Amino acid sequence: MIDIEGVKTTLLEQVANSESPRDVLKASELRSLYAHIGQLEPQERSAFGKKVNEVKVALEAAVDERVAQLETATVIPLDITAPWAPNTEAPSLLPTQYGTKHPLMKELEKVVDIFTRMGFEAIESRQIDDDYHMFGTLNFPEDHPARDGYDTFRTEEGFIPPAHTSTMQHRILKDGKKKLESGGQIAAVSYGRVFRNEDVDATHEHTFYQCEGVFVSKTATLGDMLGTLRSFFETYYGQKLRIKTQPAYFPFTEPGLEFAIEKPATIGGKPGEWLEMLGCGMIHPNVLEEAGIDPTQYQGFAWGGGIERLVMLKYGIEDLRHFESARLAFLRKFTS
Ligand code: DAH
């Protein structure tokens, strides 16, 4: 004869100590009680069956109680600040690849580095500005057609995402005034993103990077400017270069020039193949005056040019759109 009370006690004990009490309901002891019913004489079955059922009901109640108890049990807090045990194996993470700096940022850093080593202070340019800094401080008369050449975006409030880094000139000049008055000079570059409302193609993007340079002293000359620019380009491309200028019009320069270099033979250039790299010139007296600098005492030069063009020439990149394409095959060429 099966000790039905004994089985009940054992199973109840198991439930009380189990971490997964429902499993006890599937325990073989309970199954064997059911199996036993079939082996009994017909007249004994009903009484035994009733008892088995009582065991089952008691067990189910105990299971419910244990489940509730487990759910409300105090959770041991996990100390996420605890130091990593040095001998513990590192958790296996999903395979990953290290990101790298974007090629444009890497090259921009090289450009800025060359100028800082030449004694220029480096300032990041703003990404939102106003009409006064975009045009007013730069001697663009109101309603002058030269304004149209810059394809500027405007916010509803009239702010301007700058179309050139020259928007920083006035700030550089105003801040540098004290340096001039104490016998020093202004030497700064400003670099950053600029925006133009242009149709995108292989050589035009609505968003690109420029670097602007400003130098002011009592004696600055156009010759100093050409020397500075030549020295920059020769350092960046790591070789001697031929340079050329031609007159250009910018309201904020007098005179204004376009500056070109001869495409080096090392990157497939032929003699006489000139590449226009930037705009430059002597700072217009009105621009100095607007910043409170007396143009009869001080003179300066400034330049501004695109970063993408520099980089494309250096690496033989044929399409400007690659830079913002997020194409890994392109970006991975610059991971070293
Ligand atoms: N801001 C001009 C452009 O984006 C380039 C430029 C020309 C900058 C002459 C200057 C300058 O500082 O003096 O086309």
Side-chain angles (χ1 to χ4, degrees), residues 108 111-112 115 120-123 125-127 129 131-140 144-153 160-174 176 186-198 203-217 220-229 232-233 243-261 275-291 293 295 298-310 320:
L108 184 58
V111 169
V112 169
F115 283 120
F120 287 83
E121 184 189 349
I123 306 150
S125 67
R126 295 176 60 124
Q127 292 192 24
D129 220 316
D131 192 272
Y132 178 60
H133 288 89
M134 177 68 212
F135 296 116
T137 59
L138 293 169
N139 195 37
F140 283 83
H144 193 280
R147 290 177 175 231
D148 301 340
Y150 287 85
D151 302 308
T152 40
F153 289 111
I160 294 177
H164 56 179
T165 42
S166 304
T167 51
M168 298 301 287
Q169 270 200 29
H170 181 70
R171 296 183 176 95
I172 292 170
L173 294 173
K174 245 176 41 182
I186 299 173
V189 289
S190 180
Y191 57 91
R193 265 191 193 157
V194 292
F195 310 89
R196 288 191 196 184
N197 190 359
E198 284 193 290
T203 55
H204 296 89
E205 262 283 10
H206 49 71
T207 303
F208 55 104
Y209 290 82
Q210 278 193 340
C211 182
E212 182 91 4
V214 178
F215 185 90
V216 184
S217 74
T221 65
L222 206 63
D224 295 337
M225 180 182 80
L226 296 179
T228 305
L229 292 175
F232 163 75
F233 281 100
I243 63 168
K244 185 171 95 167
T245 58
Q246 63 184 38
Y249 171 70
F250 304 101
F252 39 102
T253 55
E254 186 51 46
L257 304 172
E258 267 166 10
F259 181 96
I261 61 171
L275 302 167
E276 192 213 312
M277 300 308 288
L278 49 79
C280 56
M282 295 306 285
I283 301 175
H284 196 289
N286 290 355
V287 173
L288 293 174
E289 216 155 11
E290 185 71 18
I293 296 172
Y298 300 101
Q299 50 201 21
F301 53 83
W303 71 88
I307 298 298
E308 282 83 349
R309 186 180 304 197
L310 279 181
L320 179 61

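Note that these values count all heavy atoms, side chains included, but never hydrogens, waters or copies made by symmetry. As the structure lists them, so they are numbered: ligands from 1, and atoms in each ligand from 1. Because the structure is predicted, anything quoted here is derived from the model rather than measured. Along the sequence shown, the residues carry numbers beginning at 1.
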task: Counting heavy atoms only, name the option from F259, F252, F250, F301 that's nearest to atom 11 (C) of ligand 1.
output: F252
Taking the six-membered ring for Trp, are [X] and [Y] ring centroids under 6.0 Å apart?
{"X": "F233", "Y": "W303", "result": "no"}
{"X": "F250", "Y": "H164", "result": "no"}
{"X": "Y132", "Y": "H170", "result": "yes"}

- request: Mind checking salt bridge (Lys or Arg N to Asp or Glu O under 4.0 Å) for R171 and listing every partner two or more places apart, or none if nothing turns up?
  value: D129
Which ligand 1 atoms, with their elements, are less than 4.0 angstrom from a heavy-atom of [X]?
{"X": "Q210", "answer": "4 (O)"}
{"X": "E212", "answer": "8 (C), 10 (C), 12 (O)"}
{"X": "R196", "answer": "3 (C), 4 (O), 14 (O)"}
{"X": "A302", "answer": "11 (C), 12 (O), 13 (O)"}

query: Mind checking whether C280 has a heavy atom under 4.0 Å from ligand 1?
result: yes
message: Over 60° means perpendicular and under 30° means parallel, so tell me whether F120 and F115 are parallel, tilted or perpendicular.
response: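 If you compare the ring of F120 with that of F115, the planes turn out perpendicular.
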message: Below 30° counts as parallel, above 60° as perpendicular, anything between as tilted: where do the rings of F135 and Y150 land?
response: perpendicular
Among all the protein's non-hydrogen atoms, which is closest to [atom], and how far away is it?
{"atom": "atom 2 (C) of ligand 1", "answer": "H164 ND1, 3.8 Å"}
{"atom": "atom 8 (C) of ligand 1", "answer": "G304 N, 3.3 Å"}
{"atom": "atom 6 (C) of ligand 1", "answer": "G279 O, 3.6 Å"}
{"atom": "atom 13 (O) of ligand 1", "answer": "T253 CG2, 3.0 Å"}

message: What I want to check is whether the side chains of S190 and E212 have a donor and an acceptor closer together than 3.5 Å.
response: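 Judged by distance alone, the side chains do not pair up.
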